[in-house]
Amino acid sequence: MHAYRTHNCAALTKENVGETVRLSGWIHRKRDHGGVLFVDLRDHYGITQVVADEDSPALELLDSLKLESVITIDGEVKARDAAAVNPNLPTGEIEVFARSVTVQSHANELPLIVNSAEDYPEDTRLKYRFIDLRRERVHNNIMLRNRVITSLRRRMTDQGFSEFQTPILGASSPEGARDYLVPSRLHPGRFYALPQAPQMFKQLLMVAGFDRYFQIAPCFRDEDLRADRSPEFYQLDFEMSFVTQEDVFQAIEPVLAGVFEEFGGGKSVTPAGEFPRIPYADSMLKYGTDKPDLRNPIIISDVSHHFEKSGFGIFEKIVGGGGVVRAIPAPETHEKSRKFFDEMNDWARKEGFSGLGYVTRKQGEFGGPIAKNHGPEEMAKLYDELGLGENDGLFFAAGKEKDAVKLAGAARTRTAENLDLIEQGCFKFCWIVDFPMFEYDEELKKIDFSHNPFSMPQGEMEALENQDPLEIKAWQYDIVCNGYELSSGAIRNHRPDIMYKAFEIAGYTQADVDANFGGMIEAFKLGAPPHGGSAPGIDRIVMLLADEPNIREVIAFPLNQRAQDLMMGAPSVVSARQLRDVHIRLSGEAVDVNKNATAAEKTDMNSNAAQQDIPPQDR
RNA sequence: GCGGGUGUAGCUCAGUUGGUUAGAGUAUCGGCCUGUCACGCCGAGGGUCGCGGGUUCAAGUCCCGUCACUCGCGCCA
């Protein structure tokens, strides 16, 4: 007989009745009835009820064990009486009568309870992540993640993509997010950077002629966190040669739609080949964001022209000053009280906006100060133009375009949430396309790249030479699902002349470009195919599929919101010797942190400072 | 860097207008119970009310500061 088990805890059925079996697992729950004791034994696969009574030599020991102790049970499979069958358990028709028990590991009192769905503070959960991971919800999420990644790999491989690994220790790049830096021991004063994405390398793989590459790629960004943002995360990074934007869409839509259909639990999914393409400018106008949630039916409209001359002076002044007025319908709000509208206004002010105007409408009758001053005829005209009904309210976001867009977008989301208008049970995908290549930087008073400098401008060299830079679009595209940005990608600029020209428009010389991106430019001078790709975020895909609001719920060992590992104690202080090795001397502030941390961390086995540190007098 | 929320028993939470000995559930420990499956019943232990200061006869409760966690803004394609 196997040392630990003949079956796992989900395997036994009526078929096995009468067999002598051995099971191992955790004590999930105990029910002690005096003469008879029930133990739910749990492993990765499931739960089996173990029973012991006074005829069993295992009773006393089993009774004494705490929850989550690990045991091995020898016993017999018995059928349960019809009345004792548990229909909620796949193994509910049988139980194992324990003949003997071996304790593999005693558990002390637990900081969180495995057998409950109760919510625990995140620091507790993260500090004891190995226990948290035993719990059904997170355990399932991590298994879902595994299946999603397996499926993505298969789907990509089936389409002729090859998986390669790219370096983790790379060169720091000046654009984009802050890098995580790694000091070099062999090269004093020099640093590696962990990749924000394998961008350069995947493009070089195309130059190297591999045609179709993908990778489940780890990415690192040293920026502040959000519910959907982790400093380390994984992307389905891919790149293709000799392709147009359309080819990239056709390659990835079936992969994403396929995975969401496979693991979406029956929710409807935008079919492959039918992902709507929304130009960036349209998205900003209609949804107030570049990552619209299409489950939300509300559409924003520009109504600035209605207020060029208006009895409502504030809007007239805003429009006269070059600002805009955007309208956000609040359908069927005739029975909502004034409080509903006022609370939206209060919310907007709390968010730092100047306020959210509104018009109410009840059986065709307009209400509120804006309607009063603007006049009922003018309001009716505006409503007709927007196709609104006689019981629809309307919010207004007014101001400089950038602020009004942002407020309108946030108000659209909040209105739909308050009115319960978000369609449930579906995954709605779209592409955001035609991103502007450049934007005007108000602070630096200059033109700069608006997103990725390595995207090919639409119209290529001809556009760069002849068009207003702020009008030029890039072959750049994002995939958005239910309001989450899943990926961004582009057809790359593989032409050195166009690259230099694009950087020139943004105020960089050829020497600047060579200094920062010399490696790639050089490669493009030695025979580069046209290429493009994208990189859907795997953590966010799993978040959506698991219906989790927080990325940490789908990562086995996530960092907390301050990018710390509470279980292993990262980041940690390191020994003076380690610092010397990498030619680092700490600043005054950092030295203080180290001094204060050392006492605690020296006794912490997980800290590098613990045993290797040298006495203070030797420093 | 800024703003919101939270912080009371191992854990999840309640705690009224400032008022006597800070409660419940769960976990833990002890006792009872032979068919439960969130078993049930009886009992016990368990608290620097995040921390520091202030107001007051009196502070978990009010004020100031600070720390931790979290959500958002900035930031991040």
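A, B, ... follow the sequence lines: proteins, then strands. Residue 1 opens every chain.
- The gap from the P atom of G10(B) to that of C62(B) amounts to 24 Å, rounded to the nearest Å.
- Counting non-hydrogen atoms of other residues, nucleotides and ligands closer than 6.0 Å to NZ of Lys127(A) gives a total of 12 or fewer.
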In B/S/- notation, 5' to 3', how is nucleotides 70-77 of chain B contacted by protein heavy atoms closer than 4.0 Å?
BBSBBBBB
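- By the 6.0 Å contact criterion, CD on Glu223(A) is enclosed, its count of non-hydrogen atoms from other residues, nucleotides or ligands being greater than 12.
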Under 3.5 Å, which protein N or O atoms sit close to an N or O of nucleotides 34-37 of chain B? Give each pair with its distance.
{"from": "U34(B)", "atom 1": "OP2", "to": "Gly35(A)", "atom 2": "N", "distance (Å)": "3.4"}
{"from": "G35(B)", "atom 1": "N1", "to": "Glu95(A)", "atom 2": "OE2", "distance (Å)": "2.9"}
{"from": "G35(B)", "atom 1": "N2", "to": "Glu95(A)", "atom 2": "OE1", "distance (Å)": "2.5"}
{"from": "G35(B)", "atom 1": "N2", "to": "Glu95(A)", "atom 2": "OE2", "distance (Å)": "3.0"}
{"from": "U36(B)", "atom 1": "O4'", "to": "His33(A)", "atom 2": "NE2", "distance (Å)": "3.3"}
{"from": "U36(B)", "atom 1": "O2'", "to": "His33(A)", "atom 2": "NE2", "distance (Å)": "3.3"}
{"from": "U36(B)", "atom 1": "O2", "to": "Arg31(A)", "atom 2": "NE", "distance (Å)": "2.6"}
{"from": "U36(B)", "atom 1": "O2", "to": "Arg31(A)", "atom 2": "NH2", "distance (Å)": "3.2"}
{"from": "U36(B)", "atom 1": "O2", "to": "Gln49(A)", "atom 2": "OE1", "distance (Å)": "3.4"}
{"from": "U36(B)", "atom 1": "N3", "to": "Gln49(A)", "atom 2": "OE1", "distance (Å)": "2.9"}
{"from": "U36(B)", "atom 1": "N3", "to": "Gln49(A)", "atom 2": "NE2", "distance (Å)": "3.1"}
{"from": "U36(B)", "atom 1": "O4", "to": "Gln49(A)", "atom 2": "NE2", "distance (Å)": "2.8"}
{"from": "U36(B)", "atom 1": "O4", "to": "Arg80(A)", "atom 2": "NH1", "distance (Å)": "3.2"}
{"from": "C37(B)", "atom 1": "O4'", "to": "Arg31(A)", "atom 2": "NE", "distance (Å)": "3.0"}
{"from": "C37(B)", "atom 1": "O2", "to": "Gln49(A)", "atom 2": "OE1", "distance (Å)": "3.4"}
{"from": "C37(B)", "atom 1": "O2", "to": "Asn86(A)", "atom 2": "ND2", "distance (Å)": "3.1"}
{"from": "C37(B)", "atom 1": "N3", "to": "Arg80(A)", "atom 2": "NH1", "distance (Å)": "2.7"}
{"from": "C37(B)", "atom 1": "N4", "to": "Arg80(A)", "atom 2": "NH1", "distance (Å)": "3.3"}
{"from": "C37(B)", "atom 1": "N4", "to": "Ala84(A)", "atom 2": "O", "distance (Å)": "2.2"}

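- Checking Gln49(A) against Asn86(A) by side-chain atom types alone, no donor-acceptor pair falls below 3.5 Å.
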Heteroatom pairs (N/O) under 3.5 angstrom, protein to nucleotides 11-15 of chain B:
{"from": "U12(B)", "atom 1": "OP1", "to": "Pro121(A)", "atom 2": "N", "distance (Å)": "3.3"}
{"from": "U12(B)", "atom 1": "O4'", "to": "Glu118(A)", "atom 2": "OE2", "distance (Å)": "3.0"}
{"from": "U12(B)", "atom 1": "O2'", "to": "Glu118(A)", "atom 2": "OE2", "distance (Å)": "2.8"}

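- With sequence neighbours excluded, the residues forming a ring-ring contact (aromatic ring centres under 6.0 Å, His included) with Phe449(A) are Phe438(A), Phe503(A), listed by chain and number.
- Residues Glu553(A) and Met543(A) are not in side-chain contact: their nearest non-hydrogen atoms beyond the backbone lie 4.5 Å or more apart.
- What separates CG of Leu59(A) from P of C33(B) is a distance of 13 Å, to the nearest Å.
- If you take CG of Leu566(A) and C1' of C69(B), they are 9 Å apart, rounded to a whole angstrom.
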If you write RNA chain B from 5' to 3' in dot-bracket form, with Watson-Crick or G-U pairs under 3.5 Å, [ ] for crossing pairs and | for pairs with another strand, what do you get?
(((((((..((((.....[...)))).(((((.......))))).....(((((..]....))))))))))))....
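- The side-chain hydrogen bond (donor to acceptor under 3.5 Å, both in side chains) test applied to Tyr477(A) returns no partner, not counting sequence neighbours.
- Between Lys66(A) and the phosphate of C29(B), there is a side-chain N or O to OP1/OP2 separation shorter than 4.0 Å.
- Atom CG in Asp32(A) sits roughly 16 Å away from atom C1' in A27(B) (whole-Å rounding).
- In this structure, His494(A) has its ring center at least 6.0 angstrom away from the ring center of Phe524(A).
- Relative ring orientation between Tyr280(A) and His451(A) is described as perpendicular, the plane-to-plane angle rising above 60° on a 0-90° scale split at 30° and 60°.
- When the C1' atom is compared between G60(B) and G4(B), the two are found 23 Å apart, to the nearest whole Å.
- Defined by atom type and a distance below 3.5 Å, a donor-acceptor pair is missing between the side-chain atoms of Asp290(A) and Ser283(A).
- Residues Arg412(A) and Tyr287(A) have side chains in contact (heavy-atom distance under 4.5 Å, counting atoms from C-beta outward).
- Figure legend: Lys202(A) and Tyr213(A) shown without cation-pi pairing, the cationic atom not lying both under 6.0 angstrom from the six-membered ring centre and within 45 degrees of its axis.
- In this pair, His33(A) and Phe38(A) present their aromatic rings perpendicular. The plane angle is above 60°, beyond the 30 to 60° band.
- Between the C1' atoms of G46(B) and U12(B), the separation comes to 16 Å (whole Å).
- With rounding to whole Å, Leu67(A) atom CG is found 14 Å from U26(B) atom P.
- Distance CH2/Trp26(A) to CD/Glu68(A): 8.5 Å, rounded to 0.5 Å.
- The C1' atoms of A44(B) and A9(B) are separated by 14 Å, rounded to the nearest whole Å.
- The number of heavy atoms from other shown groups lying within 6.0 Å of NE2 (His106(A)) does not exceed 12.
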